[in-house]
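One structure is given below, encoded as structure tokens.
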Amino acid sequence: MAHTYTALIVDDEALARSNVRQLLTVHPDIRIIDECEDGISAITAIQAHQPDLLFLDIQMPEVNGFDVLKAVTGIAQPYVVFATAYDEYAIQAFEVNALDYLLKPFTEERFAEAVQKARTRLQQDSMGQMQSRLDALLASLPAQAPQQYLHKIAIRGTGKIYFVPVADVIWIEANDQYVFVHTTNDKHLLRNSLNQLAQQLDPHLFYRSHRSSIVSIEAIAEISPYFKGDYMMVLNNGVTVKLARTRVAALRKMLGW
């Protein structure tokens, strides 16, 4: 009987998680035990499930893939397949340290190669070998320059571009294919994705409360329990926004409640 392995999928894009899930259907020896849409919930899931295999997106807002690995150092280390759009230096670092990666967008054939490599390594490698390679990778990556966050959000109107000061933003919502930026008195249609915007806003000022919303931390007036671990937040303009249960712990830490 073939050995089976447990897998955890981590990506802030629902479509990307769905793609990995679909590609794994032809690999019955890989059993998905959980999926996570952000780094915070990924840390909790790794600690709880201790999966054999981790498909890990790197570029996630607030807590990226490398931050996840730093946080789970010392527990049962999964074999990691990175999903990345990183530059050549980082890709070279993966290769030098014998770690596998999927450069987005990747093909079905490339994914199958990564799964086969994971099987081989899981059979041959010890936990210590995997941890050593991950430690070497994290140490070899260049220090990042300080992030430059937006001070104004560019809105493309009919025949013109106008700018909304970030200080005026109360909250931002994704609705179907559109993103709307809400200020105290106005609502602006934005052509960027919510994920792109989340990475451009200062995380000390804005919080991704749900996969479809970002709120100004200063605008949060009330927080109350809702359903199955979720919460509802009332903003200072009277709007109610959902706080997903996977995002409660980090906000609680930030606000001290």
Side-chain angles (χ1 to χ4, degrees), residues 5-13 16-17 20 33-104 114 117-118 121-122 125-149 195 198-208 211 244-256:
Y5 301 99
T6 57
L8 176 68
I9 302 170
V10 180
D11 201 301
D12 63 325
E13 295 279 359
R17 296 196 305 275
V20 172
I33 54 173
D34 205 352
E35 296 181 20
C36 301
E37 64 180 5
D38 59 72
I40 294 172
S41 59
I43 293 167
T44 301
I46 293 169
Q47 292 171 334
H49 300 300
Q50 298 191 7
D52 300 309
L53 180 57
L54 178 63
F55 293 95
L56 179 64
D57 183 25
I58 294 176
Q59 293 166 302
M60 298 183 291
E62 299 166 17
V63 177
N64 66 30
F66 295 137
D67 294 331
V68 170
L69 295 179
K70 292 173 185 175
V72 299
T73 297
I75 71 167
Q77 184 66 60
Y79 180 85
V80 183
V81 177
F82 295 91
T84 179
Y86 259 40
D87 60 23
E88 290 184 5
Y89 184 95
I91 290 173
Q92 182 182 16
F94 295 144
E95 293 173 342
V96 166
N97 294 291
L99 294 164
D100 205 6
Y101 64 91
L102 295 167
L103 186 60
K104 294 180 177 180
K117 183 176 178 180
R121 284 286 170 79
L122 284 166
D125 288 7
S126 68
M127 184 184 76
Q129 288 175 310
M130 184 63 193
Q131 186 65 63
S132 294
R133 284 197 294 271
L134 288 172
D135 290 344
L137 169 69
L138 295 173
S140 67
L141 293 174
Q144 296 182 343
Q147 175 70 50
Q148 299 297 313
Y149 297 111
N195 286 325
Q199 296 182 51
Q200 296 175 311
L201 295 172
D202 188 338
H204 296 97
L205 302 178
F206 291 89
Y207 189 73
R208 183 76 175 268
R211 65 175 178 271
R245 62 184 180 277
T246 57
R247 301 176 186 271
V248 171
L251 185 61
R252 178 180 283 126
K253 185 177 180 180
M254 289 176 68
L255 298 181

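Just so you know, these numbers use all the heavy atoms, side chains as well, and skip hydrogens, waters and symmetry mates.
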Practice problem: Answer whether the closest heavy-atom distance between the side chains of Ile43 and Val72 falls below 4.5 Å. | Solution: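 Yes, side chains in contact.
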Self-check item: CA sep, side-chain torsions, deciding dist, call: Leu201, Tyr149, side-chain contact (heavy atoms from CB on, under 4.5 Å)
Solution: CA-CA 5 Å; Leu201 295 172; Tyr149 297 111; 5.6 Å; no
Quiz prompt | Sequence-distant partners of Phe82, ring-ring contact (aromatic ring centres under 6.0 Å, His included), two or more places apart | solution = Phe94
Apply side-chain hydrogen bond (donor to acceptor under 3.5 Å, both in side chains) to [X] and list each qualifying residue two or more places apart in sequence or on a separate chain.
| X | result |
| --- | --- |
| Lys104 | Asp11, Asp57 |
| Asn195 | Glu13, Arg208 |
| Thr6 | Asp52 |

Self-check item: Nearest atoms (heavy-atom pairs only) where Ala45 meets Cys36
Solution: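 Taking every non-hydrogen atom into account, CB-SG, 3.6 Å.
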Quiz item: Which heavy atom in Val81 sits nearest to a heavy atom in Tyr79, and how many Å separate them?
Solution: CG2-CE2, 3.8 Å
Practice problem: Apply side-chain contact (heavy atoms from CB on, under 4.5 Å) to the pair Phe66 and Val68, showing each step before the final yes or no. | Solution: CA-CA 5 Å; Phe66 295 137; Val68 170; over 6 Å; no
Separation of [Y] [atom2] from [X] [atom1] (nearest 0.5 Å):
| X | Y | atom1 | atom2 | value |
| --- | --- | --- | --- | --- |
| Leu56 | Leu8 | CG | CG | 8.5 Å |
| His49 | Ile33 | NE2 | CD1 | 5.0 Å |
| Phe55 | Ile9 | CZ | CD1 | 7.0 Å |
| Leu54 | Asp34 | CG | CG | 11.0 Å |
| Tyr207 | Leu251 | OH | CG | 5.5 Å |

Exercise. Using the test salt bridge (Lys or Arg N to Asp or Glu O under 4.0 Å), find all partners of Arg247 that sit at least two apart in sequence or belong to another chain.
Key: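 With sequence neighbours excluded, Arg247 shows a salt bridge (Lys or Arg N to Asp or Glu O under 4.0 Å) to Glu37, Asp38, given in chain and number order.
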Quiz prompt | Residues which pass salt bridge (Lys or Arg N to Asp or Glu O under 4.0 Å) with Arg252, listed by chain and number, not counting sequence neighbours | solution =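 With neighbours one apart ignored, the set is empty.
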